[in-house]
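Counting convention: from 1, in listed order, for ligands and their atoms alike. This is a predicted model, so every value here is computed, not measured.
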Amino acid sequence: MTARSVTNRLGGLAFGGDYNPEQWDEPVWKEDDELMRRARVNLATLGVFSWALLEPEEGRYDFTWLDAHIERLHANGVAVDLATPTASPPPWFTLAHPEALAVRADGTRLVHGSRDTYCLASPAYRSAARRIASGLAERYGDHPALALWHVHNEYGTLCWCDHAAAAFRVWLRARHGSLDALNEAWGTAFWSQRYTSWEQVLPPRATQYHKNPAQTVDFHRFWGDEIIAAYCEQRDAIRQHSDRPVTTNLMLPYDLRLNVWAFARELDIVSSDQYPDANGLDGAAHVAFYADRSRSLAGGRPWLLMEQGTSTVYDGDQVIGKEPGDVLRHSLGHIARGSEGALFFQWRQSRAGAETWHSAMLPHAGPDSRIFREVTQTGEAVAALAELAGSTVTAQVAVLDDPDAMWALEADGLPSPRLDYHAPLAGAHRALWDAGVTADFAHPEHDLSRYRLVIAPSLFLLSDKGAQNLRRYVEGGGTLLVQHAAGYVDERVHARLGGYPAAPLREALGIRVDEYRPLRKEQRITLSDGSHGTVWSESLHTEGAETVASYTHGMLTDSPALTRHRIGTGQGWYLSTHLDDADYGALVGRLLKEAGVEPELAGLPAGVEAVTRHAADGRRWHVLINHTEDTVPLPDPGHDLLTGTTAHELPPGACAVLRGH
Ligand code: GLA
């Protein structure tokens with residue numbers, strides 16, 4: 001079961017979104033049918049938040065209203081992505097099972113009135129979730145309208161309650177084997193934390209001062225596995241009755257809680273949600289960042305953009321409105337990078353409830369609106385791209401991404417509070433995006449041999465296996481850039497002794513770091529090549545590497561800051577500070593040249609995004625997006641699927657999908 005089974009059923013790429021008809025009544029449903037046809041919608045996600053309707057009281061299911069909507073959509077040519085409603089248990093559930101309500105680290109037990117208010121480790125919640133998933137699958141498992149199963153919604157709710165504590169202990173026993181091994185792994189010899197019985201072991205709840213970092217990382221690992229187990233239970237219940245593919249929509253921007261690589265392996269199709277945190281070029285780069293991560297999690301196979309917004313989106317304490325043209329540009333940005341379609345949250349903007357002001361495909365103003373016109377135009381464009389279904393994207397560069405390393409930087413007591421996981425990760429991808437190079441993400445223990453260049457921006461934690469893998473990669477001819485504070489701790493979050501980073505990586509890089517020198521907030525240093533650094537500096541010694549740039553301040557004056565080491569047939573670079581964006585971009589540009597990596601399409605100016613999708617039979621398509629304010633002549637004119645004519649140039653903000661030759 002793959003993405004292909006969905007696109008075959010749809011006869012092309014997917015276009016549509018979350019459909020919540022329970023918010024409306026019959027005349028509106030009739031209008032939905034007509035407007036969905038107009039917008040070329042072919043896939044609707046039903047039932048994401050419908051638990052209260054589907055099971056009005058414990059054990060009594062009522063599927064009649066859902067029957068009617070599925071039949072109506074089917075008659076209208078719209079296939080169904082059927083959700084299990086388990087992300088929002090109804091009030092009766094929480095009153096009947098108060099112990100299943102989530103508890104925060106500070107002990108506050110939450111109450112219903114929002115969504116996602118449950119402990120995933122609670123037995124009552126888990127069995128209720130399994131039961132309703134199974135009931136839905138039994139009823140609709142082979143319905144001709146059904147294209148895809150959508151389990152839950154954006155897994156990621158953590159809990160610190162007693163159920164979580166019990167499940168955490170079971171997980172810890174399996175991981176560590178004995179209490180002695182746990183004590184050793186967690187370094188409980190410090191601060192008198194030695195455990196003498198399993199009952200004493202708790203989730204990292206609110207504490208007086210720093211929590212034990214190994215306990216924090218293990219808690220994240222536990223939840224990463226528990227979330228996957230909860231998903232698999234529903235998936236397996238569905239598979240008893242249905243042969244359609246099963247997915248869950250990953251919320252990658254907030255994947256702090258997910259063990260993404262392991263989770264993706266359990267999904268028939270990787271699907272994800274993406275809401276940019278900026279407008280303009282930064283917004284487009286954000287689209288590319290998450291699309292490339294989704295494709296990488298799918299192992300390069302086609303994936304599906306399950307949700308995006310048409311305009312206003314909440315981002316922390318601010319609301320971002322997309323610019324005119326972004327609906328098409330962002331949809332094509334995802335499709336360019338391997339998505340088998342473009343779906344949205346949600347079809348019709350709510351008139352009441354918590355997301356009344358979140359944009360939708362059909363805004364409050366109705367079809368006579370800029371947003372609906374852009375949605376219709378995008379639906380036409382996606383329909384014209386049917387022949388892209390099943391084609392894939394290849395990359396010559398990888399950025400390393402490891403949830404263990406991310407969780408290690410979530411812990412207390414770090415060598416600097418300014419060490420951050422995501423900013424350097426996004427920074428590395430952005431420098432490649434600016435250079436017109438498509439990047440994959442990869443785990444440090446993956447086979448990296450197909451990449452010419454690998455960048456490790458944020459590997460504070462690096463396993464022994466990962467360190468050996470990176471050395472093998474360099475010796476085998478790869479070009480590797482490792483960035484500051486890498487390989488400082490092992491998988492148990494124990495500091496590496498004898499100099500950083502982990503020994504096999506030190507050998508690949510030909511360096512040894514003997515002291516870390518975090519920079520103060522306002523401190524910006526200059527290197528000998530004129531570039532500037534912030535956040536971090538290190539006292540490092542070359543052991544075979546050459547110095548490319550050195551420090552020019554304080555006790556580090558004249559000591560190496562940026563090094564290059566030739567070993568085997570490859571080269572390992574080490575950058576021991578956080579460079580300013582422009583300087584970092586120049587370094588990445590130099591490495592691309594050294595590694596022989598060219599932009600996807602030559603001859604395009606900066607700000608014109610170009611990605612190629614390849615079919616197994618040799619056909620290919622170049623997706624082009626002009627993010628600049630100028631008309632750009634195309635170096636290699638071709639047949640544009642969007643207009644059906646030969647494209648010679650791209651007007652400002654315009655897109656084209658050219659058949660390659
Ligand atoms: C997520 C959820 C949706 C909705 C959107 C709003 O992606 O899955 O239900 O809340 O966010 O951005």
> With distance as the sole criterion, is a donor-acceptor pair present between the side chains of Thr247 and Ser271 under 3.5 Å?
Replying inline: yes
> Once you round to the nearest 0.5 Å, how far does CZ of Arg337 lie from OG of Ser296?
Replying inline: 10.5 Å
Check: every ligand 1 N/O to protein N/O pair under 3.5 Å:
| unit_1 | atom_1 | unit_2 | atom_2 | d |
| --- | --- | --- | --- | --- |
| ligand 1 | 7 (O) | Glu154 | OE2 | 2.5 |
| ligand 1 | 7 (O) | Tyr275 | OH | 3.4 |
| ligand 1 | 7 (O) | Glu307 | OE1 | 2.3 |
| ligand 1 | 8 (O) | Asn153 | OD1 | 3.3 |
| ligand 1 | 8 (O) | Asn153 | ND2 | 2.8 |
| ligand 1 | 8 (O) | Glu154 | OE1 | 3.4 |
| ligand 1 | 8 (O) | Glu154 | OE2 | 3.2 |
| ligand 1 | 8 (O) | Glu307 | OE1 | 3.1 |
| ligand 1 | 8 (O) | Glu307 | OE2 | 2.7 |
| ligand 1 | 9 (O) | Arg115 | NH1 | 3.0 |
| ligand 1 | 10 (O) | Arg115 | NH1 | 3.1 |
| ligand 1 | 10 (O) | Arg115 | NH2 | 3.1 |
| ligand 1 | 10 (O) | Glu355 | OE1 | 2.9 |
| ligand 1 | 10 (O) | Glu355 | OE2 | 2.6 |
| ligand 1 | 12 (O) | His358 | NE2 | 2.7 |

> Does any pair with a residue in residues 99-120 pass ring pair (Phe, Tyr, Trp, His ring centres under 6.0 Å), and if so which ones, sequence neighbours excluded?
Replying inline: Tyr118-Tyr125, Tyr118-His152
> With distance as the sole test, does Arg60 use its side chain to make a donor-acceptor pair with the main-chain N or O of Glu57 at under 3.5 Å?
Replying inline: no
> Hey, does the side chain of Lys322 reach the backbone of Val327 with a donor-acceptor pair shorter than 3.5 angstrom?
Replying inline: no
>> Checking ring pair (Phe, Tyr, Trp, His ring centres under 6.0 Å) between Tyr275 and each of His286, His330, His358, which is the one that passes?
In response: His358
